[in-house]
Amino acid sequence: MDHKKVAKEVIEAVGRDNMVGAAHCATRLRLVLKDDDKIDQAALDNNPDVKGTFKTNGQYQIIIGPGDVNFVYDEIIKETGLKEASTEDLKKIAEQGQKFNPIMAFIKLLSDIFVPIIPALVAGGLLMALNNFLTSKGLFGPQAIVEMYPAIGGFSSIIQVMSAAPFIFMPILVGMSAAKRFGANQFLGASIGMIMTTPDLIAGKSWDIFGLQVAQSNYYYQVIPVLAAVWILSILEKWLHKRLPAAVDFTFTPLLSVMITGFLTFTVVGPVMKTLSDWITNGIVWLYDATGFIGMGIFGLGYSAIVLTGLHQSFPAIETQLISAFSKGTGAGDFIFVVASMANVAQGAATFAIWSLTKDKKMKGLASSAGISALLGITEPALFGVNLKYKFPFFCALIGSGVAAAFAGLMKVVAVSLGSAGFLGFLSINATSIPMYIVAELLSFAVAFALTYIYGKSHSDLLAPASVAALSEPKAVTEAKNEAKRVSDKQDQIVFAPIDGRSLDLSEVNDQVFSTKMMGDGAAIVPTDGTIYAPVDGEITVAYETKHAYGIKSDDGAEVLIHVGIDTVNLKGEHFTSNVTQGQKIKKGDVLGTADLKAIQAAGYDTTVMVIITNTMNYESVARIEQTDVKHGDDLIAITAVTEN
């Protein structure tokens with residue numbers, strides 16, 4: 001790659017005077033621009049040295065690839081005179097250039113708090129669904145399963161206890177997560193949640209505090225009251241830390257923070273916020289009851305569009321309220337989950353329609369993996385990698401989702417737990433509604449697939465490579481493939497697992513660049529051990545100062561990128577060690593470095609390890625060897641060389 005030439009082409013495409021700041025990570029340039037409308041997108045799409053582009057969090061990102069991106073970045077800095085910046089610096093620049101949006105800020109706040117506790121709610125919810133399956137009448141006859149087979153009564157009872165616990169004591173979970181988000185001590189946040197749910201609280205009784213009658217309200221199942229209480233806790237704790245002498249800070253800051261917050265919670269905050277919470281829940285239930293299947297259909301029609309804005313990140317906070325109300329017998333259940341499932345399946349169906357229509361091998365591979373991912377509840381690869389590129393599949397999927405959601409609303413299908421919003425979502429559905437849920441999912445798939453296929457078949461010009469950047473093959477790319485054919489004497493290769501853990505398809509990775517395979521095909525591993533081993537014999541081509549990624553060229557010609565974690569470049573090498581340098585020869589099994597997985601997770605980062613073959617286009621196929629648990633040295637990726645025609 002001519003780094004200087006590529007840098008000039010990037011500058012020309014985005015506009016020299018349009019650039020505010022620039023940084024880079026292991027694979028991509030990260031730019032903050034004044035006006036995105038000034039970007040010459042076609043020039044970047046048709047540049048053989050640019051592997052893809054996208055925008056996120058105010059940054060325009062251009063994928064160059066490991067081993068080259070840092071040199072291109074250096075040339076851009078020289079050419080433009082911009083000041084060098086880290087990714088964290090650029091993030092701050094991007095935030096300064098954006099107008100503060102209180103709604104989006106609040107949504108992000110809710111997302112940060114609720115996403116970490118979703119696994120606990122999913123576990124409790126699925127146990128609740130199992131118990132409903134055992135105790136619901138009318139599924140297999142007039143009697144419930146537990147009535148037909150009394151011997152399983154004890155099993156049903158213990159399942160009931162386990163399923164209810166995460167919801168009854170939800171304030172503890174929310175308190176701990178909210179404290180972390182607000183910058184307070186997590187265990188003090190959990191303590192506030194415990195205080196609000198202690199069994200010593202007796203409904204109907206009150207404390208006499210100097211003549212003030214304070215009700216002994218419990219806050220089982222509640223979300224909003226504990227959020228407000230922990231927010232107050234965080235303010236008090238920070239204020240006290242700044243003002244109390246170090247000698248007494250350790251003892252009296254926790255004491256005063258919890259005591260004052262607890263008193264305010266029972267006297268003012270709790271009663272007010274509980275009333276507000278009841279109003280919100282009742283209002284949502286009223287809206288659902290009032291609009292019925294029509295409202296569900298409209299919601300389904302627009303759900304995927306909502307996903308594009310990120311507004312769906314606030315839904316778990318609402319859904320937990322609906323599920324909690326159902327648990328108490330005062331609510332109908334979670335209809336949002338049902339709509340999300342219809343939307344995800346519809347997007348997956350549209351992606352499969354593109355798979356059946358396109359003749360491009362690269363798009364077929366992307367569409368098949370992205371379609372499966374969407375059917376299991378993860379739609380980003382399908383949305384950004386396929387449907388939005390062609391545009392019409394996205395809109396066909398919206399129609400399919402709207403029709404299916406309206407049908408589900410007509411059939412009163414609701415969820416009683418959180419889970420995988422897709423074909424596996426039936427596990428979260430109220431047992432009596434499972435048959436109609438499955439019918440609705442099939443309807444969503446059929447309508448979206450049929451509309452996309454029929455429209456695509458009659459408008460084949462829309463499937464032409466020119467309409468999709470990923471399908472465009474400039475002359476230089478064609479020449480690269482021809483060169484690949486001339487090296488047909490190379491043998492097929494195996495790239496081994498560089499770390500212990502659970503193997504995943506790249507489409508399941510929570511990073512658009514990797515999940516859509518913009519960097520190339522490969523595999524991902526959720527690590528269980530932090531030692532990183534060489535997956536091939538070869539040479540270290542890139543050894544980053546941040547120690548979170550390695551570039552290796554194997555002796556057989558494969559260019560392998562090992563990327564430890566998502567956005568872990570922001571850690572600037574903290575929690576990582578590296579044993580290798582650029583140009584060093586390595587053998588399979590050599591220790592490249594280590595990662596402190598617990599510390600990285602505690603810092604808020606996903607530790608998933610991506611293993612990418614960045615020169616995928618030089619091969620006939622690059623495929624993950626399907627297995628679940630892998631040890632370092634196990635077969636991970638099979639590479640098939642191009643053969644002469």
Side-chain angles (χ1 to χ4, degrees), residues 86 88-89 91-92 95 105-106 108-110 112-117 120 169-201 206-219 222-273 530 568 570-577 594-605 607:
S86 67
E88 196 63 31
D89 294 333
K91 182 178 178 182
K92 293 177 182 177
E95 289 173 349
F106 180 67
K108 186 177 186 306
L109 174 71
L110 292 178
D112 290 344
I113 292 171
F114 281 93
V115 167
I117 67 174
F169 299 107
M170 192 184 301
I172 300 174
L173 299 174
V174 175
M176 194 167 186
S177 185
K180 180 179 179 181
R181 177 59 180 81
F182 293 141
N185 183 290
Q186 287 182 264
F187 299 101
L188 293 183
S191 297
I192 293 297
M194 293 173 188
I195 290 169
M196 297 173 73
T197 55
T198 177
D200 290 338
L201 295 171
S206 60
W207 295 290
D208 185 338
I209 305 176
F210 304 115
L212 177 66
Q213 298 299 309
V214 178
Q216 294 187 24
S217 301
N218 70 63
Y219 291 90
Q222 293 295 318
V223 170
I224 293 178
V226 72
L227 285 176
V230 174
W231 178 69
I232 292 172
L233 171 79
S234 69
I235 294 174
L236 281 170
E237 186 185 2
K238 292 173 186 175
W239 188 86
L240 289 167
H241 275 312
K242 290 179 180 179
R243 286 162 178 79
L244 290 181
V248 297
D249 178 49
F250 180 79
T251 301
F252 285 95
T253 292
L255 169 65
L256 294 174
S257 298
V258 171
M259 187 170 67
I260 296 172
T261 301
F263 184 80
L264 290 174
T265 296
F266 286 113
T267 55
V268 181
V269 176
V272 172
M273 291 297 108
T568 45
N570 296 330
L571 291 171
K572 300 178 182 179
E574 189 176 2
H575 311 312
F576 292 95
T577 66
T594 63
D596 187 337
L597 301 179
K598 290 184 179 179
I600 294 169
Q601 289 174 331
Y605 292 90
T607 58

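Because the structure is predicted, anything quoted here is derived from the model rather than measured.
- The CD1 atom of I172 lies 10.5 Å from the CD1 atom of I195; values are rounded to the nearest 0.5 Å.
- Across N185 and A179, no two heavy atoms sit closer than the pair O-CB, 3.5 Å.
- The shortest distance between side-chain heavy atoms of K180 and S177 does not fall below 4.5 Å.
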Margin query: Using the rule given for side chain to side chain donor-acceptor pair (under 3.5 Å), can you reason through Q213 versus S206, listing the C-alpha separation, both sets of side-chain angles and the distance that settles it, and then say yes or no?
Written below: CA-CA 6 Å; Q213 298 299 309; S206 60; 3.2 Å; yes

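- Here the straight-line distance linking atom NZ of K238 with atom CZ of F182 works out to 9.0 Å at 0.5 Å rounding.
- Legend: residues meeting side chain to side chain contact (heavy atoms under 4.5 Å, CB included) with M176, ordered by chain and number and at least two apart, are Q186, F187, A190.
- Partners of W207 under the ring pair (Phe, Tyr, Trp, His ring centres under 6.0 Å) rule, at least two apart in sequence or in another chain, are F266.
- Nearest heavy-atom pair across V230 and G189 is CG2-O, 4.2 Å.
- Considering CG of L188 and CG of L236, their distance stands at 11.0 Å, rounded to 0.5 Å.
- When all heavy atoms of G262 and I192 are compared, the pair lying nearest together is N-CD1, 4.5 Å.
- Contact of the I113 side chain with the L227 side chain is registered, since non-hydrogen atoms from C-beta on lie closer than 4.5 Å.
- Using a distance-only test at 3.5 Å, with no hydrogens or angles considered, no donor-acceptor pair links the side chain of T198 to the main chain of M194.
- The minimum heavy-atom distance linking S217 with L201 is given by the pair O-CD1, 3.3 Å.
- Here the closest non-hydrogen pair linking P171 and T197 is CG-CG2, 3.6 Å.
- Side-chain contact between Y605 and L571: present, with at least one pair of heavy atoms (C-beta onward) separated by less than 4.5 Å.
- Counting only residues at least two apart or in different chains, side-chain hydrogen bond (donor to acceptor under 3.5 Å, both in side chains) contacts with residues 245-273 comprise H241-D249, D249-T253.
- Residues N218 and M196 have side chains not in contact (no heavy-atom distance under 4.5 Å, counting atoms from C-beta outward).
- F576 places none of its side-chain heavy atoms less than 4.5 Å from the side chain of D596.
- Of all heavy-atom pairs spanning V174 and V223, the tightest one is CG1-O, 4.4 Å.
- T568 OG1 to E574 CD: the interatomic distance, rounded to the nearest 0.5 Å, is 12.0 Å.
- In this structure a side-chain-to-backbone donor-acceptor pair under 3.5 Å is missing from Q601 to T607.
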